[in-house]
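One structure below.
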Protein chains: 2
Amino acid sequence: MPGPTPPHTPNAAGKGPLSYAIFQLARAHRAHAATMLRAMNLHPGQELLLMQLFDRDGQTQAELLEHAGLDHSTVSKSLRRMQDAGLLTRQPAPHDRRVMVVHLTDAGRALQQPITDMWHTLEQISVRDLTPEQVDLFTTWARQIETSLRDHNRQTSAG
Amino acid sequence: MPGPTPPHTPNAAGKGPLSYAIFQLARAHRAHAATMLRAMNLHPGQELLLMQLFDRDGQTQAELLEHAGLDHSTVSKSLRRMQDAGLLTRQPAPHDRRVMVVHLTDAGRALQQPITDMWHTLEQISVRDLTPEQVDLFTTWARQIETSLRDHNRQTSAG
DNA sequence: ACCGATTATGTGGCTGGCCAAGTATTTGTG
DNA sequence: CACAAATACTTGGCCAGCCACATAATCGGT
């Protein structure tokens, strides 16, 4: 350590505790998910689209991105990579050749159990030091904060 | 809408409520921050490094990335872009030419008040529907979950 | 039937973020 | 003093994610 490490007022808790906590929690959560997903040759975010397909196969991209809440370009590129990886197929719908219907392949379906297990493990690790009641409250408040942010962002950015 | 929108069991709350909530909250939070940061020609994540420099100018990259918890390559590239934007300078330390000391420029310092205001606004929006006690609990639990994830990730990925 | 508006998706470009590999400098050890 | 190891940072590569723009196809009004 080169510097004498001066007392520079470590106010990490004083510069926006909530926002800082959200940011760091999300990063830790994503990092851990990434670690487990790499064992299945997946990248963070892909498992959300796959789980949506496990829930109901043959959805269109528009349906998938609505549930995931992502940008359509993000979904488009992510699906193309998973298609290249042999996890799913995309075929234009017969009645409307604009929409692309996404179907899982056998290789994609084979990931259902591993992903489900991974997700379950991630949940258990996350809640290890909390009671079920605390987890329930935490989730409820997280959704409330999310709603507040979305509502205000609508007012601010777009009319 | 082409499809008849069949009842496909919208169990968004049944596939990992906590992880899903964390993911969505983080995305909403980041999106709102991005909206406000664009008015200052900044990108999400850059404000964290700048705030660290507001707290103490002249830190090394190693110090900055330790506080932010980011990868060293991420910090290196982000700092280079902010340097190109004229917000800061990077100069090798005289006693150890490996370390790069980061200093704010006038343009960088000029962002202190806007970023502080933005952060404060973001906090107020986030906690709109919660009491201070609830926010305090939420933050505490968020840190606990983060700690659990980090601890377990250490055991799993690196021995 | 035509032509503009809407919808669904694709592409390019940029940044954030991580990993892996590389470079330069300092430190530690024989 | 020489040389390996550790340190601080850079670069390349890849994917997620967003915006803006482009493309294709359907819908709608006249």
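The model shown is predicted, which means the values in this text are computed figures rather than measured ones.
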So, OP1 or OP2 of C:dG16: does either fall under 4.0 Å of a side-chain N or O from B:Arg30?
no

Test item: A:Thr116 side-chain N/O and A:Gln112 main-chain N/O as donor-acceptor pair under 3.5 Å
yes

Is there a donor N/O on one and an acceptor N/O on the other, under 3.5 Å, for the side chain of A:Arg98 and the base of C:dT9?
no

For A:Met100, is there any backbone N or O sitting under 3.5 Å from a side-chain donor or acceptor partner on A:Thr60?
no

Quick one: on DNA chain D, does B:Val101 or A:Gly69 contact a more 5' nucleotide (nearest heavy atom)?
B:Val101

N or O in side chain of A:Thr74 less than 4.0 angstrom from D:dA16 OP1/OP2
no

Looking only at N and O atoms, is any donor in the side chain of B:Ser73 or the base of D:dC9 less than 3.5 Å from an acceptor on the other one?
no

Nearest-Å distance, CG (A:Leu37) to C1' (D:dC14)?
16 Å

Please state how far atom NE2 in A:His72 lies from atom C1' in C:dT7, giving the value in whole angstrom units.
11 Å

Between A:Arg90 and A:Lys77, the residue closer to the 5' end of DNA chain C by nearest nucleotide is A:Arg90

Rounded to the Å, how far apart are B:Arg38 CZ and D:dC19 C1'?
7 Å

Is there a side-chain polar atom (N or O) of A:Ser76 under 4.0 Å from OP1 or OP2 of C:dT9?
no

Within this structure, what is the CZ-to-P distance between B:Arg80 and C:dC14, rounded to whole angstrom?
12 Å

Quick test of your reading of the model: are B:Arg109 and B:Asp106 salt-bridged, counting only N-O distances below 4.0 Å?
yes

If you apply the rule side chain to side chain contact (heavy atoms under 4.5 Å, CB included), what do you find for A:Gln24 with B:Arg143, and how did you get there?
CA-CA 8 Å; A:Gln24 294 295 343; B:Arg143 290 188 206 278; over 6 Å; no

Check the phosphate of D:dA16 against A:Gln46, side-chain N and O only, distance under 4.0 Å to OP1 or OP2. Yes or no?
yes

B:Met100 CE - C:dT23 P separation (whole Å):
18 Å

Value in whole Å for how far the P atom of D:dC9 lies from CD of B:Gln83:
13 Å

Which sits closer to the 5' end of DNA chain C, A:Ala62 or B:Ser78, going by the nucleotide each is nearest to?
A:Ala62

Considering just the side-chain nitrogens and oxygens of B:Arg81, establish if one lies under 4.0 Å of OP1 or OP2 belonging to C:dG16.
yes

At their closest point, which heavy atom of B:Phe138 faces which heavy atom of A:Ala142, and how far apart are they?
CE1-N, 3.7 Å

Using whole Å, what does the distance between atom C1' of nucleotide C:dG16 and atom CG of B:Leu79 come to?
13 Å

Between atom CD in A:Gln61 and atom P in C:dA8, what is the gap in whole Å?
11 Å

